Enquirer: 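Quick one: the structure is below, and I'll ask about it shortly.
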Amino acid sequence: DAGVTQSPTHLIKTRGQQVTLRCSPKSGHDTVSWYQQALGQGPQFIFQYYEEEERQRGNFPDRFSGHQFPNYSSELNVNALWLGDSALYLCASSLEPGQGSNTEAFFGQGTRLTVV
Amino acid sequence: GEDVEQSLFLSVREGDSSVINCTYTDSSSTYLYWYKQEPGAGLQLLTYIFSNMDMKQDQRLTVLLNKKDKHLSLRIADTQTGDSAIYFCAETFTGGGNKLTFGTGTQLKVEL
């Protein structure tokens with residue numbers, strides 16, 4: 001089991017461009033969440049996908065969008081990139097939790113995005 | 001609202017115990033977690049505690065939860081150089097699904 005895999009590992013983009021990041025969840029997992037981790041900060045929740053629908057969203061603008069495919073893999077798209085979008089983007093996969101239960105989130109290694 | 005705070009830096013000698021602290025504001029927390037992040041790597045779950053528990057021990061790790069004071073701590077016994085990393089506390093809360101709210105992280109440096 002390869003765990004959660006993300007691609008690419010590093011990326012450099014210019015202001016105003018668009019970027020797509022990809023995530024393959026751990027085998028058997030059906031829920032994918034995306035987080036943004038700026039340098040020196042803790043990860044911030046962007047959104048979560050389950051059954052190909054965005055189920056929850058954090059405090060991020062509409063420039064951030066995503067998609068989940070039938071095989072549970074996911075993409076994060078960011079339009080009109082700003083310098084402030086430079087960060088490590090982390091994908092986490094998990095199983096849909098039952099009522100009140102806990103489900104461990106497994107994180108990928110992340111994609112380091114630099115906007116110049 | 002959700003706010004999780006940690007001290008930024010902790011330095012200990014190899015073999016000593018480390019205690020990393022975290023405070024949170026959301027009284028509807030369901031689970032509280034400790035994650036480890038090594039340079040250039042993703043997040044590794046170390047342990048977690050259900051919000052109605054006071055303590056959980058897992059080998060060298062001890063988690064203490066004071067729900068009244070909204071204070072969480074992670075004690076690492078016999079700290080080793082391989083424990084040097086950034087440690088994040090995180091919480092999930094009622095109505096939040098399994099969305100994680102992270103603290104700012106504590107950088108642990110273990111010296112010989």
Side-chain angles (χ1 to χ4, degrees), chain A residues 2-7 9-10 21 23-26 29-51 53-60 87-112, chain B residues 1-9 20-26 28-53 56 58 63 65 72 85-107:
Chain A
V4 180
T5 57
Q6 293 186 241
S7 63
T9 54
H10 294 82
L21 310 181
C23 173
S24 292
K26 182 176 168 64
H29 283 183
D30 57 8
T31 302
V32 173
S33 302
W34 287 92
Y35 292 82
Q36 180 196 65
Q37 186 179 17
L39 198 62
Q41 302 293 319
Q44 299 289 315
F45 177 79
I46 303 175
F47 43 52
Q48 182 180 87
Y49 278 84
Y50 172 68
E51 292 187 339
E53 296 285 333
E54 182 184 290
R55 183 165 61 174
Q56 278 187 284
R57 189 178 183 91
N59 189 23
F60 280 80
L88 179 68
Y89 288 84
L90 294 163
C91 169
S93 75
S94 57
L95 277 171
E96 162 67 7
Q99 191 74 13
S101 67
N102 179 47
T103 174
E104 179 178 349
F106 288 80
F107 282 81
Q109 298 296 300
T111 295
R112 174 73 62 188
Chain B
E2 314 141 24
D3 195 15
V4 183
E5 295 187 356
Q6 301 177 237
S7 52
L8 289 179
F9 191 77
I20 303 171
N21 295 301
C22 171
T23 57
Y24 59 97
T25 57
D26 197 320
S28 63
S29 293
T30 50
Y31 290 90
L32 295 120
Y33 305 79
W34 284 103
Y35 282 86
K36 177 182 180 182
Q37 187 175 38
E38 296 181 88
L43 296 167
Q44 175 195 354
L45 178 65
L46 293 176
T47 187
Y48 66 90
I49 188 169
F50 187 45
S51 59
N52 70 353
M53 295 171 62
K56 180 178 180 181
D58 185 359
V63 178
L65 175 60
L72 179 74
I86 300 176
Y87 290 80
F88 292 95
C89 63
E91 62 170 346
T92 52
F93 53 93
T94 304
N98 54 359
K99 163 190 167 185
L100 289 160
T101 299
F102 285 87
T104 48
T106 299
Q107 182 166 0

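Only a predicted model underlies this, so the values are computations on that prediction, with no experimental measurement involved. Numbers restart at 1 for each chain; the letters A, B, ... are given by sequence-line order, proteins then strands.
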Enquirer: Say you draw a straight line from CD of B:Gln44 to CZ of A:Phe106; how long is it, rounded to the nearest 0.5 Å?
Expert: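 With rounding to 0.5 Å, CD (B:Gln44) is 10.5 Å from CZ (A:Phe106).
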Enquirer: Please report the C-alpha distance between A:Leu88 and B:Gln37 in whole Å, then the side-chain angles of each, then the deciding distance to 0.1 Å, and finally whether the side-chain contact (heavy atoms from CB on, under 4.5 Å) criterion is met.
Expert: CA-CA 12 Å; A:Leu88 179 68; B:Gln37 187 175 38; 3.9 Å; yes
Enquirer: Ignoring hydrogens, what is the shortest heavy-atom contact between B:Phe88 and A:Gln37? Give both atom names and the distance.
Expert: CZ-NE2, 3.3 Å
Enquirer: For chain A, find which of B:Thr104, B:Ile86, B:Thr30, B:Leu8 contributes the most heavy-atom pairs closer than 4.5 angstrom.
Expert: B:Thr104
Enquirer: Applying ring-ring contact (aromatic ring centres under 6.0 Å, His included), name anything that partners A:Tyr89, two or more places apart in sequence or on another chain.
Expert: none
Enquirer: Between atom OH of B:Tyr35 and atom CZ of A:Phe107, what is the distance when rounded to the nearest 0.5 Å?
Expert: 5.0 Å
Enquirer: Could you grab the distance from atom CD of A:Gln44 to atom OG1 of B:Thr101, nearest 0.5 Å is fine?
Expert: 8.0 Å
Enquirer: With a 4.5 angstrom heavy-atom cut-off, is it the side chain or the backbone of A:Gln109 that approaches chain B, or both, or neither?
Expert: both
Enquirer: Counting only heavy atoms not in A:Asn59, do more than 12 fall under 6.0 Å of its CG?
Expert: no
Enquirer: Restricting to non-hydrogen atoms, name the atom on A:Ala105 and the atom on B:Leu100 that form the minimum distance, rounded to 0.1 Å.
Expert: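 Result for this residue pair: CB-CD1, 4.2 Å.
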Enquirer: What distance do A:Tyr35 atom OH and B:Leu43 atom CG have between them, rounded to the nearest 0.5 Å?
Expert: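 The OH atom of A:Tyr35 sits 9.5 Å away from the CG atom of B:Leu43.
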Enquirer: Heavy-atom pairs under 4.5 Å with chain B - which of A:Gln6, A:Gln56, A:Gln48 has more of them than the others?
Expert: A:Gln56
